[in-house]
Amino acid sequence: MKSKWSGFGQRTLAIVSPFLAILVAFTCLGLSGGVDMAQDGDDKQAVVAYAGDDEPKPPFPLNFDPNIFDETSTTIDNEWWPLPPGKQQTWEGTALEDGELVRRKVIFTVTDMTKEIAGVQCLIGWDTDYANDELTESELLFIAQAKDGTVWHLGESVEHYFYAEDIDTHGHYDGTRVWMVGYLKDCKAGIYMPADPTKLGEPPYSQGFAPHPWDWDDWAETYKTGQNMTVPTGSYSDVITIREYEPAAIAVENVSQIKSYARGVGCIKIAQLGDEGGDQETIDLVKNVMLSEEEMVKIREIVREHESKAYMYSLTKPAEQSHHDK
């Protein structure tokens, strides 16, 4: 199974050089000004762009309708994954990397920044992934809640970092990889949390799709319900567990990831389903807090810096602070 990060995004394949990383960022979202780069062919992934200074008018995938959202799309109050701005959750545990056991930590922060994607206002989540206290990924996640309470996933922007003993012990920025519905050919939106995920036996649902070299193709289904579970943040009842998997990968290595959710809290535990292969990751929720206004100011600065490095201003409106609840 291809390595994937532990939180709510997928770890994409490592970029081999900073130069290639910059090239990928430009290819994904285009240069400043009007372009038309949509092409056919497996080795020519490109954006669906627009000409001149007009507003972008991206085509919408057949299974995605922006009309299912309204002006409250950035208010994520699904009871199984509530995301009020300022909420920050931390999971800690272990995983295998290259056959060695490493300490894994993931921090997910709900920002108060929003971004318009494919005609839908999305809330921006920010998460960081650490191995043995070294930052390996920093990711912006673009999510929106439909009028029926379903939480949708419209894209992500992932920064990679690498460490090399022959250079130094500091993390080196290794480029940003971006995909967003409507701005990259063949991308499709997906569902992160159904409005009602408590029904066993429902068909699996896509969490989104981005073609190679982004290689996002995660699916999910409700695996268990009505569980009791204890993690460092407390004991929870009526917990549901959702199984996530990549169809191509699971055909080769029969392992998948399971995430357990407590009502009113969100994800409390992430583990692997399948004893052999994979990274054998197990992490538990160890902290669930609300950040101060001072801390949120720093978060906004991080989001803006992350976005600027990905050249995301070229085809999309820049992220902005939400004033929905102010």
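Note: hydrogens, waters and symmetry copies are ignored here, and every other heavy atom, side chains too, is used. Everything quoted here is computed from the prediction, not taken from an experiment.
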Inset, instruction - Examine the side chains of Trp219 and Asp217 and answer whether a donor and an acceptor come within less than 3.5 Å of each other. - result: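 There is such a pair (donor and acceptor under 3.5 Å, judged by atom type) between the side chains of Trp219 and Asp217.
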
Inset, instruction - Answer with yes or no whether the side chains of Gln145 and Asp77 bring together a donor and an acceptor at under 3.5 Å. - result: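 Their side chains do contain a donor-acceptor pair, which is all the 3.5 Å distance test asks for.
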
Residues two or more places apart in sequence or in another chain: which of them pass salt bridge (Lys or Arg N to Asp or Glu O under 4.0 Å) with [X]?
{"X": "Glu92", "value": "none"}
{"X": "Asp70", "value": "none"}
{"X": "Glu202", "value": "none"}

Legend entry - Single hit among Trp81, Tyr205, Trp179 for ring pair (Phe, Tyr, Trp, His ring centres under 6.0 Å) with His153: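 With His153 as partner, Trp81, Tyr205, Trp179 yield a single ring pair (Phe, Tyr, Trp, His ring centres under 6.0 Å), made by Trp179.
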
Legend entry - Given Glu294, Glu307, Glu293, the one that forms salt bridge (Lys or Arg N to Asp or Glu O under 4.0 Å) with Arg300: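 Of the listed residues Glu294, Glu307, Glu293, the salt bridge (Lys or Arg N to Asp or Glu O under 4.0 Å) partner of Arg300 is Glu293.
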
Inset, instruction - Look at Glu159 together with Arg177 and state whether they make a salt bridge at an N to O cut-off of under 4.0 Å. - result: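 The answer is no: the pair does not qualify as a salt bridge.
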
Legend entry - side chain to side chain donor-acceptor pair (under 3.5 Å) involving Thr90 - partner list, sequence neighbours excluded: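 Expected list: none.
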
Legend entry - Pairing residues for Asp284 by the side chain to side chain donor-acceptor pair (under 3.5 Å) criterion, not counting sequence neighbours: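 Listed in chain order: Lys269.
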
Legend entry - Partner residues of Gln280 under the side chain to side chain contact (heavy atoms under 4.5 Å, CB included) criterion, sequence neighbours left out: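 By the side chain to side chain contact (heavy atoms under 4.5 Å, CB included) rule, Gln280 matches Leu96, Gln272.
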
Inset, instruction - Report yes if the distance between the aromatic ring centroids of Phe64 and Trp152 is under 6.0 Å, otherwise no. - result: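 Distance test on ring centres: under 6.0 Å, yes.
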
Legend entry - Any donor-acceptor pair under 3.5 Å from Lys147 side chain to Thr72 backbone: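 Flag not set: sc Lys147 to bb Thr72 has no pair under 3.5 Å.
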
